[in-house]
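Have a look at the structure below before the remarks.
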Amino acid sequence: MKQILPINFEMALNEDQLRAVTADDGPAIVLAGAGSGKTRTLTYRVAWLLSNGVSPHRILLLTFTNKAAKEMLTRVEDLTNVPRSEFWGGTFHSIGLRILRSNASILGLDKNFTIMDAGDSDSLFAETAKSVNGSFFKERDAIKPRVIYDAYSFARNTRRPLEEVLSARFSWLKDDTIELLLPFFSAYQNAKREKNLCDYDDLLELWVELLEKHSDIRAFYQNRFSHILVDEFQDTNKLQSDIVDALAGNHQLMVVGDDAQCIYTWRGAEFANVADFRKRHPNATIHKIEINYRSTPEILNLANGIFASQGDIHGFSKTLRPSRPAGEKPYFVSVMDTKEQAGFIVRCVTNLAENGRSLGDMIVLYRAHYQAMELQIELTRCGIPFVITSGVRFFEQAHIRDLVAHLRFAHNPTDSVAFSRLMALLPKIGPKTTLRILESATALAHSTKQTFTSALTNKKIIEKVPAPARDSYRDLALVLDDMAEALRVRSSSETPESDNPQPTVVKTIAEIMRIAIEGWYSDFLPNLYPDWRERRDDFDFLLAFASKFTDVNELLAQLVLLNSDADNKSPDPEANPSLLRLSTIHQAKGLEFPVVFVIGCADELFPLKRAIEADDLDEERRLFYVAVTRAMELLYLICPRITRTGGPPRLLEISRFIQALPDEAYSAIRTINGAYNR
């Protein structure tokens with residue numbers, strides 16, 4: 001091993017960090033508050049161990065991303081002069097792969113087993129599931145194999161009974177239907193072994209099996225690693241936590257994280273891993289790192305107030321202390337609606353840019369993707385370049401394009417592109433079948449002088465549809481005919497010269513689009529996507545957008561323009577640092593920006609309505625804390641007071657997280673006719 005560079009730990013670290021870095025051997029949990037130098041603390045802990053004679057080969061460093069692992073090992077190498085290749089460091093999955101390669105035969109694997117990516121795993125699962133019970137997937141309401149596979153992956157990572165997870169995920173299915181799913185998973189497992197394949201979850205599941213069922217292997221690795229360091233421990237799931245506990249049988253463990261930033265329980269992260277750490281590792285010491293190097297005192301004052309009413313839970317309460325000079329108080333901005341919210345941000349961003357701020361210094365955060373829809377439109381209209389780091393733009397999402405395709409085809413039945421998109425959703429229908437249906441329906445409509453959409457519902461046409469798709473096709477065809485008829489009634493009512501009598505009820509464009517949602521697509525959605533609840537929420541906002549239009553052509557033209565803008569594709573934020581960023585809070589974790597806008601700070605938006613109804617607010621509160629602590633200098637919390645989604649306009653309450661803060665924690669701004677006053 002190369003000679004370690006001399007390090008003055010006392011000069012390089014603050015008191016909080018130094019206590020954690022120089023802690024005695026034994027179990028320890030380091031609670032590192034937001035912006036407190038967590039990575040620096042971990043890096044110097046490794047350097048401290050090396051400087052005290054610990055071999056790099058005996059240090060195991062576990063992280064969550066390749067980027068984090070690379071950054072950590074690079075910093076250690078730069079600090080100590082010890083090559084990164086001498087450490088055992090990497091993601092849980094990469095270390096799991098390394099250990100499985102060395103012990104493959106014990107698990108009945110060939111050491112040259114192949115790792116499948118997510119797409120390959122989905123394909124193999126679909127193939128094996130259909131070989132077990134192909135008729136299941138031909139049923140009218142069949143769940144897509146990848147949705148079932150997602151539930152299986154969740155059960156494996158949380159180590160919960162598979163039947164329990166399936167019943168929770170697919171609550172609309174009967175117990176005997178749930179039982180039909182179980183053979184799919186054993187068949188998939190057998191297929192992997194026969195083909196010498198492992199999926200991503202196997203790297204953890206087989207690793208923990210190796211440690212729990214083979215005492216000699218467990219003892220070897222417990223003795224192999226004299227020190228185990230785990231980064232972002234609040235994000236570990238049950239499977240990862242059990243691996244850590246099995247490896248650290250001698251309690252030679254230090255975990256680093258922040259319970260206040262545990263925001264991934266929906267994908268399996270286990271809050272109890274932090275909360276119960278001392279139960280699993282008796283006599284563990286707690287080190288709190290509370291000096292914040294990111295944010296102004298005013299922002300930290302607000303952040304500290306978020307959990308003030310919760311008291312000291314598990315002895316983990318932290319008070320972030322500032323190192324930066326005083327700045328401006330966070331601003332609470334009350335606006336009328338999401339349109340005014342978007343206008344406020346545009347004016348504020350423009351003003352900041354004119355006064356020397358780069359757009360790359362700013363980020364707009366939101367609880368759910370749909371909440372940024374109005375803002376995306378306004379930024380596009382005003383020519384302000386932006387990048388979305390939380391996925392594709394609102395109108396580019398598959399389920400939104402599906403719903404728009406309903407309207408396009410009902411409005412223009414010759415739109416074969418829209419019709420083909422809808423047909424592709426149904427089983428056993430490809431381009432040739434779609435063309436055959438179109439040609440037959442066209443001929444029937446001409447010969448019987450009925451509308452094209454009515455012809456689609458004819459029994460003769462339905463008989464041309466493959467049996468597995470027939471029921472769903474019938475529902476879709478009836479919906480399209482209902483929408484087309486509603487559009488014809490609407491058009492007739494707008495033409496005074498028409499001989500048609502004035503109809504009693506004329507549906508709005510939004511009401512016509514709702515026919516598609518309630519007619520079949522909303523029920524079809526859970527079979528297509530694991531995150532169907534979030535996608536269904538998007539529909540309310542799409543309908544609110546549609547309600548602003550009285551002309552179908554104008555609405556469809558606007559959607560085309562939004563999706564066809566030359567700059568519409570979100571560029572790589574790393575390659576374009578000078579763009580305004582838009583992101584969900586989840587995607588922004590770990591980032592920091594001089595200027596942060598948090599939009600939708602109203603009950604039902606943040607916290608989400610679903611969370612309020614389920615009385616499940618703890619993670620929502622932690623998300624709010626994460627959002628606030630991304631801000632370095634300026635923080636704007638923006639609350640639209642009126643929503644037009646889900647029916648007539650109604651008043652929203654200010655987010656309960658803001659209501660719980662003392663008034664002196666922020667400065668209030670109210671907008672009046674587009675202008676704002678403090």
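Worth saying up front: this structure is predicted, and the values here are computed from it rather than measured.
- By the 30° and 60° cut-offs, the orientation of the rings of Trp520 relative to His406 is tilted.
- A salt bridge does not link Glu511 to Arg514: none of the charged nitrogens lies less than 4.0 Å from a carboxylate oxygen.
- Taking the ring axis of Phe539 as reference, the NZ or CZ atom of Arg535 does not stay both within 45° of it and closer than 6.0 Å to the ring centre.
- A donor-acceptor pair under 3.5 Å links the side-chain atoms of Arg146 to the main chain of Leu528, judged by distance alone.
- A donor-acceptor distance shorter than 3.5 angstrom exists from the side chain of Glu619 to the backbone of Thr265, with no hydrogens or angles considered.
- A salt bridge (Lys or Arg N to Asp or Glu O under 4.0 Å) with Arg610 is found for one member of Asp616, Asp603, Asp537 and no other, namely Asp537.
- Looking only at distances, no side-chain donor or acceptor of Glu620 sits under 3.5 Å from a matching main-chain atom of Leu617.
- One N or O on the side chain of Arg630 and one on the backbone of Val626 form a donor-acceptor pair closer than 3.5 Å.
- With no hydrogens or angles considered, a side-chain donor-acceptor pair links Tyr149 and Asp199 at under 3.5 Å.
- Panel note: side chain Asp337, backbone Ile642; no donor-acceptor pair is recorded below 3.5 Å.
- At a threshold of 4.5 Å between non-hydrogen side-chain atoms, the residues Met373 and Thr338 do not count as touching.
- Using a distance-only test at 3.5 Å, with no hydrogens or angles considered, a donor-acceptor pair links the side chain of Gln341 to the main chain of Gly600.
- Between His586 and Tyr264, the angle of the ring planes lies from 30° to 60°, which puts this pair in the tilted group.
- No side-chain N or O of Tyr370 forms a donor-acceptor pair with one of Gln397 less than 3.5 Å apart.
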Take Phe184 and Phe137 through the test ring-ring contact (aromatic ring centres under 6.0 Å, His included) and record every step on the way to the result. CA-CA 12 Å; Phe184 298 160; Phe137 297 99; 5.4 Å; yes
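- Within a 6.0 Å radius of CD in Glu653, other residues, nucleotides and ligands contribute 12 heavy atoms or fewer.
- Considering CG of Leu375 and CZ of Phe344, their distance stands at 12.0 Å, rounded to 0.5 Å.
- The backbone N or O of Ala477 sits nowhere less than 3.5 Å from a side-chain atom of Asp481 that would complete a donor-acceptor pair.
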